[in-house]
Amino acid sequence: MDHAADASTGKAVSQWSGAPREQAVQRMFTAIATRYDLNNSLLSFGLHHRWKALAASLIPLQTHGRALDLGAGTGDLALLLDQRMGPHGRVAAMDLNFAMLRVGAAKIDGQGLASRIACFRGNAEHIGFLDGTFDAVTTGFCIRNVGDRPQAFREIFRVLKPGGRFVCLEFSRPVSAWLRRVYDWYSFHLLPAIGTWVAKDHTDVYRYLPESIRTFPDKEQLAAMLREAGFSHVEYQNLSGGIVAIHVAVKSERG
């Protein structure tokens, strides 16, 4: 059974609407969906599991929690988030890419959690839920691909309850110069070759990845964008020498 649904009101609006390059990114992720998990493990040397587990652990434990994982992809972070929501909790796993979401829905169903984690096809810039719906929102390697990030952050702020928490896991820039040089060589030479070979895909998705990381705002810039969206408390931490960063943003109890 296919558990993916459309959470938008009216017609779906692309995260990268109108731009040929952005539409091409959607096609690229569709092409690699069935091998995405394998490539993630190979290309991160298995570290992505640790990064996601740490991101999920920053969400406070709930009893009747409601959470949203944006850009849920193949469902890894949504599954971890479910463990934080308590015995009566619910998680919405949302992604624009239907092929990725179908893989995630099958994984969730395989673990017997389809009644707790619902998959929706939707958009970070136009989240189809009411104000103050969620105790927590997470994103894992999603925000980098969003066209209008300030709008996405305003939407995330809107759907969070007062006191709710947003945790953003995303690629970043290594802190030390030597690691930046090694990482750049790996990202622009080795990663595209391995990724393309394993995925049996030639749509350049693994060339897009390092380019998107290089043009992504740095940690302070991203923190400033979150504050501008209305979050009262924002902090971040580096993982693996700054290859990845986690931002945590809290909505004031006053809303």
Side-chain angles (χ1 to χ4, degrees), residues 3-5 7-8 48-95 100-101 104-124 126-143 146 152-170 222-223 226-227 229-237 239 244-255:
H3 296 284
S8 61
H48 75 102
H49 296 294
R50 186 184 306 172
W51 296 334
K52 291 168 184 172
L54 179 55
S57 74
L58 297 174
I59 297 297
L61 288 169
Q62 309 284 328
T63 302
H64 296 79
R66 296 292 182 268
L68 169 66
D69 183 35
L70 279 174
T74 59
D76 283 352
L77 194 50
L79 286 163
L80 293 168
L81 192 56
D82 172 69
Q83 300 171 21
R84 311 296 294 178
M85 293 298 104
H88 304 289
R90 295 291 184 272
V91 175
M94 181 180 290
D95 200 286
M100 295 280 282
L101 199 59
K107 188 187 298 182
I108 291 162
D109 196 27
Q111 295 195 25
L113 292 172
S115 64
R116 292 177 53 87
I117 306 174
C119 294
F120 298 92
R121 186 172 184 268
N123 185 305
H126 304 276
I127 301 172
F129 287 93
L130 297 175
D131 296 2
T133 297
F134 298 105
D135 299 286
V137 176
T138 58
T139 61
F141 309 110
C142 159
I143 291 297
V146 173
F153 290 151
R154 288 191 293 270
E155 278 288 272
I156 291 167
F157 182 86
R158 179 184 65 79
V159 299
L160 276 170
K161 297 176 182 178
R165 180 173 295 202
F166 170 48
V167 174
C168 174
L169 172 66
E170 190 52 86
L222 197 64
L226 289 165
R227 294 185 188 102
F231 288 98
S232 60
H233 178 77
V234 180
E235 60 184 29
Y236 61 82
Q237 60 178 295
L239 304 179
V244 165
I246 297 178
H247 283 71
V248 178
V250 179
K251 184 173 180 176
S252 168
E253 291 283 356
R254 296 187 300 273

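Each residue takes its place number in the sequence, starting with 1.
- Summarising the geometry, atom CZ belonging to F120 is positioned 9.5 Å from atom CG belonging to L68; distances are rounded to the nearest 0.5 Å.
- For the pair F231/L160, a side-chain contact is recorded, criterion being any heavy-atom separation below 4.5 Å from C-beta on.
- Across all non-hydrogen atoms, the minimal contact from T133 to R66 is O-CB, 3.8 Å.
- Rounded to the nearest 0.5 angstrom, T63 OG1 and M85 CE are separated by 10.0 Å.
- A 4.5 Å side-chain heavy-atom check between L70 and E155 finds every atom pair outside the cut-off.
- Looking at every heavy atom in both residues, A249 comes nearest to L226 through CB-CD1, 4.3 Å.
- Inter-residue side-chain proximity for F141 and L77 is flagged as unmet; no heavy-atom pair is nearer than 4.5 Å.
- Note on ring orientation: taking the six-membered ring where Trp is involved, the planes of H64 and H88 are parallel (angle under 30°, cut-offs 30° and 60°).
- Residue D131 forms a salt bridge (charged side-chain N to carboxylate O under 4.0 Å, His left out) with just one option from R154, R158, K251, K161, and that option is R158.
- Taking each heavy atom of G230 and F157 in turn, the nearest pair found is O-CE1, 3.1 Å.
- No more than 12 heavy atoms of other residues, nucleotides or ligands shown are found within 6.0 angstrom of CZ on R50.
- Under a 3.5 Å cut-off, the side chain of D135 and the backbone N or O of A67 do not form any donor-acceptor pair.
- Once rounded to the nearest 0.5 Å, the distance linking CG of D82 with CD1 of I117 reads 4.0 Å.
- Side-chain contact between E235 and H247: absent, with no pair of heavy atoms (C-beta onward) separated by less than 4.5 Å.
- Closest approach of G71 to C142, counting heavy atoms only: CA-SG, 3.7 Å.
- Contact detail for D95 and A72: the closest heavy-atom pair is OD2-N, 3.3 Å.
- With contacts defined as side-chain heavy-atom distances shorter than 4.5 Å, the pair E170/T139 does not qualify.
- Note that CZ of R84 is 8.5 Å distant from CG of L58, once rounded to the nearest 0.5 Å.
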Legend entry - Criterion side-chain contact (heavy atoms from CB on, under 4.5 Å) on K107 and D76, from CA distance to verdict: CA-CA 9 Å; K107 188 187 298 182; D76 283 352; 2.7 Å; yes
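- L169 CG to I246 CD1: the interatomic distance, rounded to the nearest 0.5 Å, is 5.5 Å.
- Remark: Q83 CD to L113 CG distance equals 9.0 Å, nearest 0.5 Å.
- Contact detail for S252 and S232: the closest heavy-atom pair is N-OG, 3.4 Å.
- Although no hydrogens or angles enter the test, the distance criterion places no donor-acceptor pair under 3.5 Å between the side chain of D109 and the main chain of A114.
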